[in-house]
Amino acid sequence: MKLRFSRKTLCIPYLVFLLFFVIFPMLVIVFYAFTDQNNHVSFQNFLLFFSDPTKLSTIAYSVVIALITTVVTLLIAYPVAYILARSNMKKKSVILLLFVTPMWINFVLRVNAIRELLNWVGLLGEANYFNTIFGMVYDFLPFMILPLYTTLQKIDNSLYEACADLGGNAFTALRRVTLPLSMPGILSGITMVFLPSMTNYVVSDMLGNSKVTIIGKFIETYFGTDWHMGSMIALILLLVVLISTAFTGGFKTEENVRGTNL
């Protein structure tokens with residue numbers, strides 16, 4: 001008997017993975033979020049979260065830290081990616097590799113190395129928020145450089161020649177050609193940096209001497225004592241992530257993003 005594979009058959013492994021590793025865990029989180037200790041339906045966790053100034057301020061701190069990290073990372077990564085993508089250097093792939101290489105090293109080892117560096121210069125324990133942002137920028141910088149480099153490298157040189165023929169200077173080329181065509185890379189980099197920065201409590205704990213609490217730390221703490229409140233915080237964070245993704249255009253296709261910025 002000859003086996004026949006259709007597109008629907010090939011989708012079965014993906015559907016099984018989606019069911020057991022995405023849908024089922026989400027249902028568990030929703031169940032615990034809207035139940036009390038006796039597993040009765042309750043909105044008490046929701047009310048307690050939004051009536052607690054500490055939890056609300058933690059979300060605000062998390063968003064601010066993530067925003068600052070994203071902006072600083074973008075300001076550093078864009079010129080680096082532009083120079084690498086538009087230059088004629090023969091070894092630019094090697095330079096790009098140097099930015100990516102730290103990602104091959106264990107995350108905890110990298111954070112410990114930054115901790116020792118900050119301790120050596122005398123900043124550890126004094127500027128806790130600075131240390132947290134510094135560590136996050138270092139950790140997520142490759143995630144901003146790579147999508148920017150890939151997008152900028154695809155820009156056709158003839159567009160710059162046409163801009164020059166029409167009387168445009170370097171600033172005009174940057175404003176009318178480079179920035180619009182690099183928007184997919186910018187949005188991709190923002191999504192890859194902003195969202196993890198809100199939950200990366202390992203950096204805030206190790207570099208901030210546990211004095212900087214972000215939303216990811218709250219989730220980790222509550223899941224050790226109260227799954228119901230921990231699930232509610234995780235659900236609220238998911239909503240924040242979805243809203244942030246919608247604002248940054250993360251749900252748009254690359255073609256749509258290009259079309260709206262040209």
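In this chain, numbering begins with 1 at the start of the sequence shown.
- Taking the six-membered ring for Trp and the full ring otherwise, Phe46 and Phe50 have centroids separated by under 6.0 Å.
- Looking only at distances, no side-chain donor or acceptor of His228 sits under 3.5 Å from a matching main-chain atom of Ala33.
- Following chains of ILVMFWY side-chain contacts shorter than 4.5 Å, one can reach Leu97 starting from Ile145, so the two form part of one hydrophobic cluster.
- Classification of the Phe140-Phe143 ring pair by plane angle, with boundaries at 30° and 60°, yields tilted.
- For Arg175 against Pro180, the heavy-atom pair with the smallest separation is O-CD, 3.3 Å.
- The backbone N or O of Val108 lies less than 3.5 Å from a partner atom in the side chain of Asn112, making a donor-acceptor pair.
- A donor-acceptor pair under 3.5 Å is formed between the side chain of Asp156 and the backbone N or O of Ser158.
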Requested in this report: Please step through side-chain contact (heavy atoms from CB on, under 4.5 Å) for the pair Ile219 and Leu237, ending with a clear verdict.
Outcome: CA-CA 9 Å; Ile219 295 174; Leu237 178 61; 3.6 Å; yes
**Report entry** side-chain contact (heavy atoms from CB on, under 4.5 Å) assessment of Val72 paired with Phe134
**Finding:** CA-CA 9 Å; Val72 174; Phe134 182 85; over 6 Å; no
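- Both Phe34 and Leu48 are assigned to one and the same hydrophobic cluster, defined by single-linkage of ILVMFWY side chains at heavy-atom distances under 4.5 Å.
- No side-chain heavy atom of Lys55 sits less than 4.5 Å from a side-chain heavy atom of Met232.
- Surrounding OH of Tyr78 are more than 12 heavy atoms belonging to other residues, nucleotides or ligands, all under 6.0 Å away.
- Between the side chains of Ser197 and Asn200, no donor-acceptor pair is found at a separation under 3.5 Å.
- Leu181 has its side chain out of reach of Thr151: every pair of non-hydrogen atoms, C-beta onward, lies at least 4.5 Å apart.
- Tracing side-chain contacts under 4.5 Å through hydrophobic residues (I, L, V, M, F, W, Y), one never reaches Met26 starting from Leu18; they form parts of separate clusters.
- Looking at heavy atoms from C-beta onward, Met136 lies out of side-chain contact with Thr73 at the 4.5 angstrom threshold.
- Side-chain contact between Asp36 and Gln44 is absent, with no heavy atoms from C-beta onward closer than 4.5 Å.
- Counted within 6.0 Å of CZ on Phe107, heavy atoms from surrounding residues, nucleotides or ligands total more than 12; the atom is thus considered enclosed.
- Here CE of Met183 is found 6.5 Å from CD1 of Ile190. Values are rounded to the nearest 0.5 Å.
- Between the CD1 atom of Ile76 and the CE atom of Met144 there is a distance of 10.0 Å, given to the nearest 0.5 Å.
- Asn131 contributes atom CG, which lies 4.5 Å from atom CG of Leu118 (distance to the nearest 0.5 angstrom).
- Minimum heavy-atom separation, Ser204 to Thr132: CA-OG1, 3.7 Å.
- Asp226 contributes atom CG, which lies 8.5 Å from atom OG of Ser231 (distance to the nearest 0.5 angstrom).
- For the pair Val80 and Tyr149, the minimum side-chain heavy-atom distance is 4.5 Å or more.
- When all heavy atoms of Ile215 and Thr58 are compared, the closest pair comes out as N-CG2, 3.7 Å.
- Contact record, Asp205 with Lys217: OD2-NZ, 3.1 Å, taken as the closest heavy-atom pair.
- Closest of all the heavy-atom pairs between Leu159 and Ile155 is CD1-CG2, 4.2 Å.
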Query raised in the report: Hey, mind stepping through Val111 and Tyr138 against side-chain contact (heavy atoms from CB on, under 4.5 Å) and telling me if it holds?
Result: CA-CA 9 Å; Val111 178; Tyr138 165 76; over 6 Å; no
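- The OG1 atom of Thr69 lies 11.5 Å from the CG atom of Leu141; values are rounded to the nearest 0.5 Å.
- A 6.0 Å sphere centred on OH of Tyr61 holds no more than 12 heavy atoms belonging to other residues, nucleotides or ligands.
- Checking side-chain atoms of Ser188 against main-chain N and O of Pro184 turns up no donor-acceptor pair under 3.5 Å.
- The hydrophobic cluster containing Val137 does not contain Leu75, counting ILVMFWY residues as joined when their side-chain heavy atoms lie under 4.5 angstrom apart, directly or transitively.
- Between Val63 and Met198 there is a side-chain heavy-atom pair separated by less than 4.5 Å.
- Nearest approach of Tyr160 to Thr178, heavy atoms of both residues: OH-OG1, 2.8 Å.
- Without hydrogens or angle criteria, Arg86 side chain to Leu152 main chain gives a donor-acceptor distance under 3.5 Å.
- Residues Asn169 and Thr172 are in side-chain contact: their nearest non-hydrogen atoms beyond the backbone lie under 4.5 Å apart.
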Requested in this report: Could you please spell out the steps behind the side-chain contact (heavy atoms from CB on, under 4.5 Å) verdict for Ile59 and Ile236?
Outcome: CA-CA 10 Å; Ile59 283 188; Ile236 292 173; 4.0 Å; yes
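- Put simply, Ile12 and Leu19 are part of the same group of oily side chains (I, L, V, M, F, W, Y) that touch within less than 4.5 Å, one to the next.
- Taking CD1 of Ile233 as the start and CG of Leu235 as the end, the distance is 11.0 Å to the nearest 0.5 Å.
- No side-chain heavy atom of Ile214 sits less than 4.5 Å from a side-chain heavy atom of Thr199.
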